[in-house]
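To start, the structure itself, in structure tokens.
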Amino acid sequence: QVQLVESGGGLVQPGGSLRLSCAASGSITSIYRMGWYRQAPGKQRELIATLTITGRTNYVDSVKGRFTISRDNAENTVDLQMNSLKPEDAAVYYCNAELGGKDYWGKGTLVTVSS
């Protein structure tokens with residue numbers, strides 16, 4: 001079993017920054033893809049950013065230029081640096097990992113963007 005634990009969420013003012021972190025633990029050999037998703041109230045969960053083990057990134061258009069995803073393959077961690085945060089960025093952010101043909105999810109960390 002693979003467990004993902006997110007951290008770093010909290011309250012930030014518009015224009016501020018947060019850095020989310022996710023640590024994977026358990027029976028891990030190689031994580032093909034790690035990423036971040038978010039879900040705002042009343043909305044469907046959406047992909048924010050993913051990063052494969054080869055270094056290929058994918059970002060949703062709304063965060064390009066503001067968010068940066070990074071990972072440490074040796075430590076099985078993935079971070080999301082979020083800058084210039086907007087109220088519409090407020091959501092529960094979920095860490096995701098794909099390995100062994102399966103998807104694993106963290107339980108989420110809440111990001112609130114409010115003046």
Side-chain angles (χ1 to χ4, degrees):
Q1 180 64 41
V2 176
Q3 294 180 327
L4 304 177
V5 179
E6 304 100 332
S7 63
L11 173 64
V12 64
Q13 294 182 346
S17 298
L18 282 176
R19 187 176 183 88
L20 306 182
S21 296
C22 173
S25 62
S27 182
I28 299 174
T29 55
S30 180
I31 303 176
Y32 171 67
R33 186 183 70 237
M34 301 191 77
W36 292 91
Y37 293 67
R38 71 186 181 192
Q39 186 168 24
K43 295 185 177 180
Q44 186 176 351
R45 186 179 300 185
E46 67 172 341
L47 181 150
I48 301 304
T50 60
L51 178 57
T52 69
I53 195 169
T54 62
R56 184 175 297 274
T57 59
N58 184 35
Y59 294 92
V60 67
D61 286 344
S62 61
V63 309
K64 289 180 178 178
R66 300 188 298 120
F67 292 9
T68 302
I69 189 171
S70 61
R71 63 185 284 180
D72 187 328
N73 295 331
E75 298 294 330
N76 292 315
T77 59
V78 61
D79 290 355
L80 184 69
Q81 178 65 47
M82 305 185 296
N83 299 326
S84 301
L85 283 161
K86 304 175 180 179
E88 51 263 45
D89 294 319
V92 176
Y93 283 71
Y94 296 91
C95 178
N96 169 260
E98 180 185 347
L99 72 160
K102 298 181 180 180
D103 272 314
Y104 299 87
W105 296 90
K107 63 181 180 181
T109 185
L110 178 64
V111 173
T112 302
V113 185
S114 179
S115 299

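Nothing here was measured: the structure is a model prediction, and the numbers come from that model.
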Would one find more than 12 heavy atoms of other residues, nucleotides or ligands at under 6.0 Å from atom CD of Glu75?
-> no
Minimum side-chain heavy-atom gap Ser114-Leu11 below 4.5 Å = yes
Do Thr52 and Thr54 have side-chain atoms, one donor and one acceptor, less than 3.5 Å apart?
-> yes
Side-chain heavy-atom pair Met82, Val111 within 4.5 angstrom cut-off = yes
How far apart are the closest heavy atoms of Gly10 and Leu18, and which atoms are they?
-> O-CD1, 3.9 Å
Ion pair check, Arg19 and Asp79, cut-off under 4.0 Å | yes
Closest non-hydrogen contact found for Leu4 with Ala24 is CD2-CB, 3.4 Å
Write down the atom of Leu80, the atom of Ala49, and the distance for their closest heavy-atom approach.
-> CD1-CB, 4.2 Å
Modelled atom types, side-chain donor and acceptor of Ser17 and Asn83, under 3.5 Å = yes
Shortest non-hydrogen contact between Ala91 and Gln39, atoms and distance = CB-O, 3.4 Å
Crowding at CD, Gln3 (>12 non-hydrogen neighbours, <6.0 Å) | no
How would you list all residue pairs meeting ring-ring contact (aromatic ring centres under 6.0 Å, His included) that involve residues 94-115, not counting sequence neighbours?
-> Tyr37-Trp105
Following the transitive rule for hydrophobic clusters with a side-chain heavy-atom cut-off under 4.5 Å over Ile, Leu, Val, Met, Phe, Trp and Tyr, establish whether Val92 and Phe67 coincide in one cluster.
-> no
What pair of heavy atoms forms the shortest contact from Pro87 to Val113, and how long is it?
-> N-CG1, 3.7 Å
With Arg38, which residues qualify under side-chain hydrogen bond (donor to acceptor under 3.5 Å, both in side chains), at least two apart?
-> Glu46, Asp89, Tyr93
With Arg71 as reference, evaluate Thr50, Thr57, Ile31, Asn76 under the side chain to side chain contact (heavy atoms under 4.5 Å, CB included) test and give the passing residue.
-> Ile31
Which heavy-atom pair separates Trp36 from Ile69 by the least distance, and what is that distance?
-> CD1-CD1, 4.0 Å
